[in-house]
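Encoded as C-alpha cells, the structure appears first; notes follow it.
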Amino acid sequence: QVRVVETGGGLVQSGGSLRLSCEVSGRSFSGYTVAWFRQAPGKERQFVSAIRSSASNGYYADSVKGRFTISRDKGKNTVYLQMNSLKPEDTASYHCAATGRLLILSTMRDSAQYDYWGQGTQVTLSS
C-alpha cells in the first residue's frame, strides 16, 4: 500500500521561508511523477509544482515561479518544496500527490492524473 506523508507546514511571516517534505513509501516505482497542489478555503485546488524521476528539474505554476523550488532525494523517497519569499496568498493546505507514471507537461497540472495523495500540511502566512 502506497503511503504519502507531508510534513513541514506551519505559521510564517510574509517574506519568510518554509520547506515542505513529501515521503512516498510502500512501493518502488521505476518511473514516477510527484506534485504539490494547494487549496485555500473556498477556492479550487491549484497546481503548484511537479518533478519527475527522469529529470532533476521541476515545473511550476506561474504564481510560484522564482520563489519555490522542488527537489527530490531518491535515497529517501522524498520530494521537497522549498518556499521562499512567501506571500499571504500562499496560505493554503499543501498536498503531495504521486503517480507511478512519467506524466507529460500538459498533464502534470491535472490532479486527476495522480493516484496517491497525502493528507496535507497547512501553511499560514501572517502579515
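All values below come from the heavy atoms of this structure, side chains included, with hydrogens, waters and symmetry mates left out. One is the number of the first residue; the rest follow in order along the sequence.
- Checking Tyr116 against Arg3 by side-chain atom types alone, no donor-acceptor pair falls below 3.5 Å.
- Among all heavy-atom pairs drawn from Leu18 and Val12, the shortest one is CD1-CG1, 4.0 Å.
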>> Pair Leu102, Tyr32 - check side-chain contact (heavy atoms from CB on, under 4.5 Å), show working.
In response: CA-CA 5 Å; Leu102 290 171; Tyr32 61 81; 5.9 Å; no
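- Under the 4.5 Å side-chain criterion, counting only non-hydrogen atoms from C-beta, Phe29 is not in contact with Thr99.
- The list of side chain to side chain donor-acceptor pair (under 3.5 Å) pairs with a residue in residues 66-79, not counting sequence neighbours, reads Arg67-Asp90.
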>> One pair to check against side-chain contact (heavy atoms from CB on, under 4.5 Å): Ile70 and Val48. What are the steps and the verdict?
In response: CA-CA 10 Å; Ile70 193 169; Val48 176; over 6 Å; no
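- Under a hydrophobic clustering in which Ile, Leu, Val, Met, Phe, Trp and Tyr are joined whenever their side-chain heavy atoms come within less than 4.5 Å, directly or via other members, Val24 and Trp117 fall into different clusters.
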>> Quick one, Tyr94 with Gln39, criterion side-chain contact (heavy atoms from CB on, under 4.5 Å). Give me CA distance, side-chain angles, the key distance, then yes/no.
In response: CA-CA 7 Å; Tyr94 283 71; Gln39 188 164 20; over 6 Å; no
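- Taken together through direct or relayed side-chain contacts under 4.5 Å among Ile, Leu, Val, Met, Phe, Trp and Tyr, Tyr80 and Trp36 form parts of separate hydrophobic clusters.
- The heavy-atom pair separating Gly31 from Ser53 by the smallest distance is CA-OG, 3.3 Å.
- Within the 4.5 Å cutoff, the side chain of Val79 has heavy atoms near those of the Ile51 side chain.
- Here the shortest heavy-atom pairing between Ser111 and Phe37 reads CA-CZ, 3.7 Å.
- A distance of 9.0 Å separates CE in Met108 from OG in Ser49, rounded to the nearest 0.5 Å.
- No side-chain heavy atom of His95 sits under 4.5 Å from any side-chain heavy atom of Gln119.
- The same ILVMFWY cluster, assembled from side-chain heavy atoms under 4.5 Å apart, contains both Val4 and Val34.
- In terms of modelled atom types and a separation under 3.5 Å, the side chain of Thr121 and the main chain of Glu6 share no donor-acceptor contact.
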Could you tabulate the donor-acceptor pairs under 3.5 Å formed by side-chain atoms of residues 40-47, not counting sequence neighbours?
| residue | atom | partner | partner atom | Å |
| --- | --- | --- | --- | --- |
| Gln46 | OE1 | Arg38 | NE | 2.7 |
| Gln46 | OE1 | Arg38 | NH2 | 3.3 |

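- Residues Leu81 and Leu86 share a hydrophobic cluster, clusters being chains of Ile/Leu/Val/Met/Phe/Trp/Tyr side chains in contact below 4.5 Å.
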> How far apart are the C-alpha atoms of Cys22 and Val5, what are their side-chain angles, what is the distance that settles it, and do they pass the side-chain contact (heavy atoms from CB on, under 4.5 Å) test?
Replying inline: CA-CA 6 Å; Cys22 170; Val5 179; over 6 Å; no
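- The CG atom of Leu11 sits 10.0 Å away from the CD atom of Gln122 when rounded to the nearest 0.5 Å.
- The nearest pair of heavy atoms linking Asn57 to Tyr59 is ND2-OH, 3.5 Å.
- Side-chain atoms of Thr33 come within 3.5 Å of backbone N or O of Leu103 as a donor-acceptor pair.
- Contacts classified as side chain to side chain donor-acceptor pair (under 3.5 Å) and involving residues 11-25 (residues at least two apart or in different chains) are given here: Ser17-Asn84.
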